[in-house]
Number of protein chains: 2
Amino acid sequence: MTERKLAILQIAQGLFMEKGYTATSVRDIAKSAGVEPASLYSHINGKEELLDRTCFEMAEKFLTGIEEVNDIYFDAAQKLKMAVDTHVNILTNHIDAAVVFQRDWRHLNEVRRSEFIELRNAYEDGFRVIVQNGIDEGLFSEVDVKFAALTILSSLNWIVEWYDPKGKLTASEIAANLFNFTFTGLKK
Amino acid sequence: MTERKLAILQIAQGLFMEKGYTATSVRDIAKSAGVEPASLYSHINGKEELLDRTCFEMAEKFLTGIEEVNDIYFDAAQKLKMAVDTHVNILTNHIDAAVVFQRDWRHLNEVRRSEFIELRNAYEDGFRVIVQNGIDEGLFSEVDVKFAALTILSSLNWIVEWYDPKGKLTASEIAANLFNFTFTGLKK
DNA sequence: TGTCATAACGAACATTCGTTAGGCAAAAAT
DNA sequence: ATTTTTGCCTAACGAATGTTCGTTATGACA
């Protein structure tokens, strides 16, 4: 990917984040890039490529992250901590792309959407493995594994709705808080 | 609101849920309603009215719910349980509208969007009050109140991404699981 | 019987959509 | 020095967008 193409991709991600994929026009992207709409097509195949790349590049980052965590021989609590940390880091380091990844994957074409959902399931599976490990190791209480993994991921994913790079909480503080919350809960 | 208008609103909500507000055309709605596009305008002022009604009717339901909970004199744990229960019930009973409420409020016009955000903040505040109560009562550990409320709401809101009315989990089972998780965490 | 409201219609509106065609100047490669 | 590639341009395409128009069939009420 050329430098220019990458720049265009990032500009697009910023706009997609702001207004959503469907509500962002090619003309919007061109304007932000300081170029005529037609000129974009010297770099990209079409609008959908920008969405596609964003979704799948993020999916790959997340998947690689969880696989690395699950390959290490630690106890489940440590693994969970690492998984949360990795997730929050990817997310805050690519906040624009992360929002698109979360919100707009639905607008992928049918084929790619199916592929995307599979990757997503694989990622969720990584979290289920950790929770199951924790139960087997006697570290976690015997919760519904699927449900627990989903709930943890909820908290992680919602970050994109409120995270502010200029806010007072750093990525690792957020991650620490989140791990604490999912591990210990509110109870004193 | 006439019967016909309500029917159109619900049809629209179903489509908005499926494809998103922006990606749903007036012609799509008309087709689903079995009517010509122009005929819709005998009932509604425009496409945006459908979004507006959906967002604000849901906001009102949520706000009323949390206010009722916070008006009752119970301890924080019980209040939290009730708040979670109410939230899950509203959400599962109006799943189409809930998805739109969560996902597409961004496409309200500027004025209405501001009003909407205010209502949302008021709702979040309701949860913050509960968490703060819990700390004051010595029931909850001394967490970051804002962060905790946000994390609880994350889990609640994410339900719309996976809830299946025909699934095996009932609304009250989901609510019970969620309360348990936020209160106790994973730790054994 | 005449009047009015309702809910639908087909046709058309101006605008915006994503995309393509063809050309032109500057830079890079040969 | 000549060719090729790059990056942009203007112009235009057909399709889709939300909405407005004047009209009409139906049925309730005076």
Side-chain angles (χ1 to χ4, degrees), chain A residues 1-56 96 100 103-113 116, chain B residues 1-56 96 100 103-113 116:
Chain A
M1 191 154 52
T2 62
E3 212 176 307
R4 188 83 181 106
K5 182 165 181 175
L6 183 66
I8 289 171
L9 178 59
Q10 286 168 343
I11 287 168
Q13 286 168 348
L15 291 169
F16 292 166
M17 163 169 175
E18 244 183 70
K19 336 195 330 178
Y21 173 74
T22 318
T24 302
S25 70
V26 171
R27 283 165 179 83
D28 290 333
I29 302 169
K31 196 166 199 175
S32 277
V35 117
E36 293 301 312
S39 306
L40 292 178
Y41 289 82
S42 302
H43 303 278
I44 60 170
N45 294 329
K47 187 187 175 189
E48 197 181 349
E49 185 193 345
L50 296 168
L51 175 64
D52 194 287
R53 283 198 112 89
T54 304
C55 289
F56 281 89
D96 291 12
V100 179
R103 222 183 257 161
D104 283 323
W105 60 269
R106 283 163 245 273
H107 299 109
L108 291 167
N109 68 56
E110 230 172 316
V111 176
R112 293 294 269 167
R113 189 167 59 243
F116 179 85
Chain B
M1 193 155 51
T2 62
E3 210 177 309
R4 188 83 181 106
K5 181 165 182 176
L6 182 67
I8 289 171
L9 178 60
Q10 286 169 343
I11 287 168
Q13 286 169 346
L15 290 170
F16 292 166
M17 162 168 176
E18 245 183 70
K19 337 195 329 177
Y21 173 74
T22 319
T24 303
S25 70
V26 172
R27 284 165 178 83
D28 290 333
I29 302 170
K31 195 166 200 175
S32 277
V35 117
E36 293 301 312
S39 307
L40 291 178
Y41 289 83
S42 301
H43 303 276
I44 60 169
N45 295 329
K47 187 189 175 188
E48 197 181 349
E49 185 192 345
L50 296 168
L51 175 64
D52 194 287
R53 284 198 112 89
T54 304
C55 290
F56 281 88
D96 291 11
V100 178
R103 222 182 256 162
D104 283 323
W105 60 268
R106 282 163 245 274
H107 300 109
L108 291 167
N109 68 56
E110 229 172 317
V111 177
R112 293 296 270 167
R113 189 166 60 243
F116 179 85

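Any value given below was found using the heavy atoms of this structure, including those in side chains, with hydrogens, waters and symmetry copies removed. Chain naming here is simple, since letters A, B, ... match the order of the sequence lines and numbering starts at 1 in each.
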### Task
May I ask you to verify whether the side chain of B/Ser42 and the base of C/dA8 hold a donor-acceptor pair under 3.5 Å?
yes

### Message
With a 4.5 Å cut-off on side-chain heavy atoms, are B/Asp28 and B/Lys19 touching?
### Response
yes

### Summary
Result for side-chain contact (heavy atoms from CB on, under 4.5 Å) between B/Thr54 and one of B/Glu49, B/Gln10, B/Gln13 points to B/Gln13

### Query
With respect to the side chain of A/Val26, which nucleotide from C/dT19, D/dC8, C/dC9 is positioned closest?
C/dT19

#### Entry: Separation of atom OH in B/Tyr21 from atom P in D/dG18, rounded to whole Å
8 Å

### Task
Using whole Å, report how far CD1 of A/Ile44 lies from P of D/dC8.
12 Å

### Query
Expressed in angstrom and rounded to an integer, what is the separation of A/Glu36 atom CD from D/dA11 atom C1'?
11 Å

### Query
Closer than 4.0 Å, any side-chain N/O of B/His43 to the OP1 or OP2 of C/dA8?
yes

### Message
Could you report the tightest heavy-atom contact between A/Thr24 and A/Lys47, atom names first, then the distance?
### Response
O-NZ, 2.8 Å

### Query
Does A/Ser25 have a side-chain nitrogen or oxygen under 4.0 Å from the phosphate oxygens OP1 or OP2 of C/dT16?
no

### Task
Could you tell me whether the side chain of A/Arg112 reaches within less than 4.5 Å of the side chain of A/Leu51, counting heavy atoms only?
no

### Summary
Value for CG (A/Leu40) from CZ (A/Arg27), rounded to nearest 0.5 Å, stands at 10.5 Å

### Side chain proximity check, B/Ile29 to B/Phe16, heavy atoms < 4.5 angstrom
yes

### Nearest-Å distance for atom pair CD/P, residues B/Glu48 and D/dG18
12 Å

#### Entry: Interatomic distance, B/Arg27 CZ vs D/dA15 C1' [rounded to whole Å]
11 Å

### Message
Pick the closest DNA chain C nucleotide for B/Pro37 and for A/Thr24 by heavy atoms, then say which residue is nearer the 5' end.
### Response
B/Pro37

#### Entry: C/dC9 phosphate, OP1 or OP2, under 4.0 Å from B/Ser39 side-chain N/O
yes

### Query
In whole Å, what is the span from the OH atom of A/Tyr41 to the P atom of D/dC13?
17 Å

### Task
Take the angle between the ring planes of B/Phe116 and B/Trp105 and call it parallel below 30°, perpendicular above 60°, tilted in between.
parallel

### Message
Please report the interatomic distance CD(B/Glu36) to NZ(B/Lys31), rounded to the nearest 0.5 Å.
### Response
10.5 Å

Might you list the N or O atoms of the protein lying below 3.5 Å from N or O atoms in nucleotides 21-28 of chain D, with each pair's distance?
none

#### Entry: Side chains of B/His43 and B/Val35 in contact at under 4.5 Å (non-hydrogen atoms)
no

### Query
Between the axis at one end of the helix from C/dT1-D/dA30 to C/dT30-D/dA1 and the axis at the other (five pairs apiece), what's the angle to 10 degrees?
0°

